[in-house]
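Input: a single structure, listed below in structure tokens.
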2 protein chains.
Amino acid sequence: MISLVASRDGGTTLTEGKVAAGFSGKRTAELVGITYRQLDYWARTDLIRPSLADAQGSGSRRSYSYQDLLELKVVKTLLDAGIRLEMVRDVFSYLRENLGADVASANLVINGSSPLLVSGEEIIDLIHKGQGVLNVLPLAGVKEELDNAIIDLFPSAEDRIQATG
Amino acid sequence: MISLVASRDGGTTLTEGKVAAGFSGKRTAELVGITYRQLDYWARTDLIRPSLADAQGSGSRRSYSYQDLLELKVVKTLLDAGIRLEMVRDVFSYLRENLGADVASANLVINGSSPLLVSGEEIIDLIHKGQGVLNVLPLAGVKEELDNAIIDLFPSAEDRIQATG
DNA sequence: CTGTGGCATCACACCGACGTAGTTTCACCA
DNA sequence: TGGTGAAACTACGTCGGTGTGATGCCACAG
């Protein structure tokens with residue numbers, strides 16, 4: 001399990017120790033590498049909503065958690081791999097129902113519309129018994145890319161990213 | 001390498017030994033499990049064209065080879081797995097340029113837009129070094145399903161399907 | 001307490017990948 | 001050697017997933 005203690009949106013200045021409110025919509029899009037329009041569309045259509053503060057009409061602000069960013073990055077990675085958004089929706093709704101929110105390490109394996117979280121060893125079995133298409137995504141790489149993007153934008157926030165699992 | 005010696009479209013009757021002209025559009029769609037509209041669209045947009053006889057205007061007939069059916073079934077399987085047609089196009093154009101037409105056994109592995117044909121053992125390496133999404137499709141299963149569909153429609157054609165590799 | 005920058009929202013357009021319906025034209029059978 | 005059924009073609013509609021402004025509105029700075 002991995003968590004970011006503090007982010008750098010809102011807050012009067014770049015004061016150390018300030019626990020910010022999360023990531024704004026625009027910043028989230030930047031960090032994840034998607035357009036604001038995509039982020040907006042995905043929120044409206046219930047793919048991924050900001051867990052810290054949802055929109056409440058014009059002028060309000062969405063606020064995304066670090067966990068949200070991770071999930072968004074997973075979506076983006078799957079899209080880049082040529083997977084349809086519809087399938088991504090199925091995957092996430094399934095994961096949310098059948099697993100905790102700790103979609104963190106391990107590998108995401110998609111077979112049809114029933115995804116799994118498995119270790120590297122277990123994947124081999126799946127391939128040998130493999131019927132149909134197997135989509136394999138190592139989540140560690142996703143986290144790494146995201147953290148690099150964050151550090152790239154906020155160099156001093158480096159120490160705030162802590163590995164707990 | 002796997003080849004079907006004779007099919008069962010055209011030809012006066014079900015005469016044994018008759019080497020037919022291939023599979024008609026409608027039959028091809030049935031056997032592969034797609035709609036005629038999809039088959040038509042894919043032909044028009046240069047995804048997969050009938051290699052035995054292309055269309056020559058209204059009233060003409062397309063004629064698909066067994067190899068065509070295999071490729072069409074691969075496309076269908078990838079689509080069912082939630083992969084966008086655009087990615088499928090990239091995969092096939094790459095395979096046609098960098099490999100022979102013997103897209104037969106082995107496993108199809110897609111990493112970005114540069115697919116590979118590898119054995120079961122080699123896949124393990126790819127996963128360990130895995131960056132990004134890996135799409136794995138065992139082609140043996142695809143052929144099996146196609147052959148079953150053909151035998152299902154033409155029971156007496158069973159002996160005409162020969163494995164040569 | 002108020003002005004305004006920034007964010008959500010809206011309206012419109014667009015493109016790929018088809019579905020549906022109607023039309024044209026050939027291939028094959030009688 | 002025709003007729004005709006079936007296959008290719010055309011036209012039009014649709015839906016998801018965006019891009020592109022324009023507009024409305026609130027949160028926060030001052």
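All chains are named by letter (A, B, ...) in the order of the sequence lines, taking the proteins before the strands, and each is independently numbered beginning at 1.
Considering only residues two or more places apart in sequence or on other chains, A/Glu86 meets the side chain to side chain donor-acceptor pair (under 3.5 Å) condition with none of them. For B/Asp46, the side chain to side chain donor-acceptor pair (under 3.5 Å) partners at least two apart in sequence or on another chain are B/Arg49. Evaluation of the side chain to side chain donor-acceptor pair (under 3.5 Å) rule for A/Gln56 yields no partner, not counting sequence neighbours.
Atom NZ of A/Lys26 is separated from atom P of D/dC26 by 20 Å (rounded to the nearest Å). One can place CZ of A/Arg44 at 11 Å from P of C/dA11, the figure rounded to the nearest angstrom. Following rounding to the nearest Å, A/Asp46 (CG) and D/dG17 (P) show an atom-to-atom distance of 13 Å. Distance, A/Met87 CE to D/dG17 C1': 16 Å, rounded to whole Å. Note: CG (B/Leu39) to C1' (D/dA7) measures 12 Å, nearest angstrom. Put simply, CD1 on A/Ile83 is 14 Å from P on D/dG17, counting in whole angstrom units.
Distances shown here put every side-chain N or O of A/Arg62 at or beyond 4.0 Å from the OP1 or OP2 atom of D/dC26.
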Report each atom pair, protein N/O against N/O of nucleotides 17-20 of chain C, whose distance is under 3.5 angstrom.
| from | atom 1 | to | atom 2 | distance (Å) |
| --- | --- | --- | --- | --- |
| C/dA17 | OP1 | B/Glu86 | N | 3.3 |
| C/dA17 | OP2 | B/Tyr41 | OH | 3.4 |
| C/dA17 | OP2 | B/Arg89 | NH2 | 3.1 |
| C/dC18 | OP1 | B/Gln38 | NE2 | 3.0 |
| C/dC18 | OP2 | B/Trp42 | NE1 | 3.2 |
| C/dG19 | OP2 | B/Thr35 | OG1 | 3.0 |
| C/dT20 | O4 | B/Arg37 | NE | 3.1 |

Provide a list of protein-nucleic acid N or O atom pairs under 3.5 angstrom, restricted to nucleotides 24-26 of chain C.
| from | atom 1 | to | atom 2 | distance (Å) |
| --- | --- | --- | --- | --- |
| C/dT24 | O2 | B/Ser58 | OG | 3.4 |
| C/dT25 | O3' | B/Ser58 | O | 3.4 |
| C/dC26 | O4' | B/Ser58 | O | 3.4 |

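With contacts defined as side-chain heavy-atom distances shorter than 4.5 Å, the pair A/Leu153/A/Glu30 qualifies. Two residues are said to be in side-chain contact when any heavy atoms from C-beta on lie closer than 4.5 Å; B/Leu95 and B/Leu108 meet this criterion. Counting only heavy atoms from C-beta outward, the side chains of B/Asn111 and B/Val133 never approach each other to under 4.5 Å.
Under the side chain to side chain contact (heavy atoms under 4.5 Å, CB included) test applied with B/Tyr64, the options B/Leu69, B/Leu52, B/Val32 reduce to a single match, B/Leu69.
Applying the salt bridge (Lys or Arg N to Asp or Glu O under 4.0 Å) rule to pairs touching residues 59-68 of chain A yields A/Asp40-A/Arg62, sequence neighbours excluded.
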